[in-house]
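Everything below concerns the one structure shown next.
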Amino acid sequence: MSEFLKAMSFRHACKRFDTTKAIPSEQFESILEVCRTSPSSFGMEPWRLIVVRNEKLRKALKASCWNQNQITEASELVIFTTDNDIVRSDSPYVRTMFERRGMPTEMVDTYMGVYKNYLAPIEEDEILLENWTAKQCYIALANAMTYAATLEIDTCPIEGFDKEEVEAILDLEYGHSVAVICAFGYRINLQSAQMRLPLKSIVEYK
Ligand SMILES: Cc1cc2nc3c(=O)[nH]c(=O)nc-3n(C[C@H](O)[C@H](O)[C@H](O)COP(=O)(O)O)c2cc1C
């Protein structure tokens, strides 16, 4: 079996973490590096990661995350937030992100035009914009979880939270929002059986 598939079967949504085990900092930093190097639509990298280590903050968050134990028991807790204002088509950040590729100005202008057209129906609605930036976070999240599994580090992706409450607790800047949360650490219980639909019920060839 390939190393990747081994990691896919090692990974499960870990519900209870061993509170006595901490992820070595070098390994945790490499997980963050995997997030950083993940791809994003138009290369906009809208993710802004918050690593919550403060115990009081973790406790406050737990109450707004369906009281899930992972929030306080995991070795590391990463909140995938997004900066939604910065990716608006009139933001100077967007041009900078295209310019860094070293393209001639005319080509940057072309990219800006394509981007503006693409984003127009999205950026007119705050929720659509938040969903678009959140989608990019899920790519980083998936990469981080599978990569962590290669290091035998367990994870739990978490969508079970009150978004407004979590954003208030984290005191996010205006225009920023929470996309998803991920807990990282080491399992204390045996992994539950992996249940998946068979390929034939999810793949269609035409
Ligand atoms: C985006 C996302 C959000 C999730 N949110 C939660 C959550 O809030 N709490 C939880 O215990 N599991 C959560 N899960 C875990 C799923 O329930 C789990 O991945 C699914 O049941 C398959 O089980 P497995 O990952 O153990 O194979 C989430 C999974 C994903 C992908």
Side-chain angles (χ1 to χ4, degrees), residues 1-19 21 23 31-32 34-36 38-41 45-53 57-84 127-170 172 176-203:
M1 204 198 290
S2 78
E3 291 304 311
F4 191 88
L5 285 177
K6 268 190 217 157
M8 290 296 285
S9 82
F10 174 89
R11 194 216 58 77
H12 69 298
C14 182
K15 311 290 178 187
R16 303 304 299 254
F17 288 93
D18 186 340
T19 54
K21 285 194 188 162
I23 299 174
I31 291 171
L32 297 178
V34 164
C35 293
R36 188 185 76 84
S38 289
S40 55
S41 185
E45 305 174 44
W47 42 64
R48 300 292 178 263
L49 309 186
I50 301 178
V51 180
V52 183
R53 289 181 167 159
L57 204 47
R58 290 257 201 128
K59 269 193 193 143
L61 285 171
K62 183 181 177 188
S64 299
C65 296
W66 302 359
N67 256 338
Q68 299 191 64
N69 294 308
Q70 304 91 311
I71 301 292
T72 46
E73 292 178 355
S75 167
E76 299 284 3
L77 187 72
V78 178
I79 320 276
F80 289 79
T81 77
T82 54
D83 186 342
N84 308 309
I127 308 258
L128 287 182
L129 185 59
E130 279 188 21
N131 286 345
W132 182 68
T133 53
K135 279 197 239 172
Q136 320 310 320
C137 285
Y138 281 75
I139 299 169
L141 167 75
N143 285 338
M145 291 194 298
T146 313
Y147 169 68
T150 67
L151 303 174
E152 300 194 343
I153 292 171
D154 289 300
T155 52
C156 188
I158 296 173
E159 260 185 345
F161 57 83
D162 183 308
K163 187 170 169 291
E164 277 181 21
E165 283 182 21
V166 170
E167 287 170 357
I169 292 167
L170 294 171
L172 294 190
H176 290 230
S177 57
V178 172
V180 67
I181 297 173
C182 192
F184 296 85
Y186 299 94
R187 68 188 71 180
I188 201 153
N189 294 323
L190 286 177
Q191 178 171 353
S192 46
Q194 198 176 57
M195 317 268 205
R196 293 294 187 268
L197 294 169
L199 265 187
K200 67 175 172 13
S201 55
I202 60 162
V203 180

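Note that the numbering runs from 1 along the sequence shown for the chain. Counting starts at 1 for both ligands and their atoms, following the listed order.
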Can any side-chain N or O of [X] pair as donor or acceptor with the backbone N or O of [Y] at less than 3.5 Å?
| X | Y | result |
| --- | --- | --- |
| Thr133 | Glu130 | yes |
| Gln68 | Phe161 | no |
| Ser75 | Ile23 | yes |
| Ser64 | Val166 | no |

| query | Do you know which two heavy atoms are closest between Cys182 and Phe80, and how far apart they sit? | reply | CB-CE1, 3.9 Å
| Pairwise side-chain contact, Lys62 with Asn69, heavy-atom cut-off 4.5 Å (strictly under) | yes
Are any protein N/O atoms closer than 3.5 Å to the N/O atoms of ligand 1? If there are, list each pair with names and the distance to one decimal place.
from, atom 1, to, atom 2, distance (Å)
ligand 1, 5 (N), Pro157, O, 3.2
ligand 1, 5 (N), Glu159, N, 3.0
ligand 1, 8 (O), Gln68, NE2, 3.1
ligand 1, 8 (O), Glu159, N, 3.2
ligand 1, 8 (O), Gly160, N, 2.9
ligand 1, 9 (N), Gln68, OE1, 2.7
ligand 1, 11 (O), Lys15, NZ, 2.6
ligand 1, 11 (O), Gln68, OE1, 3.4
ligand 1, 11 (O), Gln70, NE2, 3.3
ligand 1, 12 (N), Lys15, NZ, 3.3
ligand 1, 14 (N), Pro157, O, 3.4
ligand 1, 25 (O), Arg11, NH1, 3.3
ligand 1, 25 (O), Arg11, NH2, 2.7
ligand 1, 25 (O), Ala13, N, 3.3
ligand 1, 26 (O), Ala13, N, 2.9
ligand 1, 27 (O), Arg196, NH1, 3.1
ligand 1, 27 (O), Arg196, NH2, 2.9

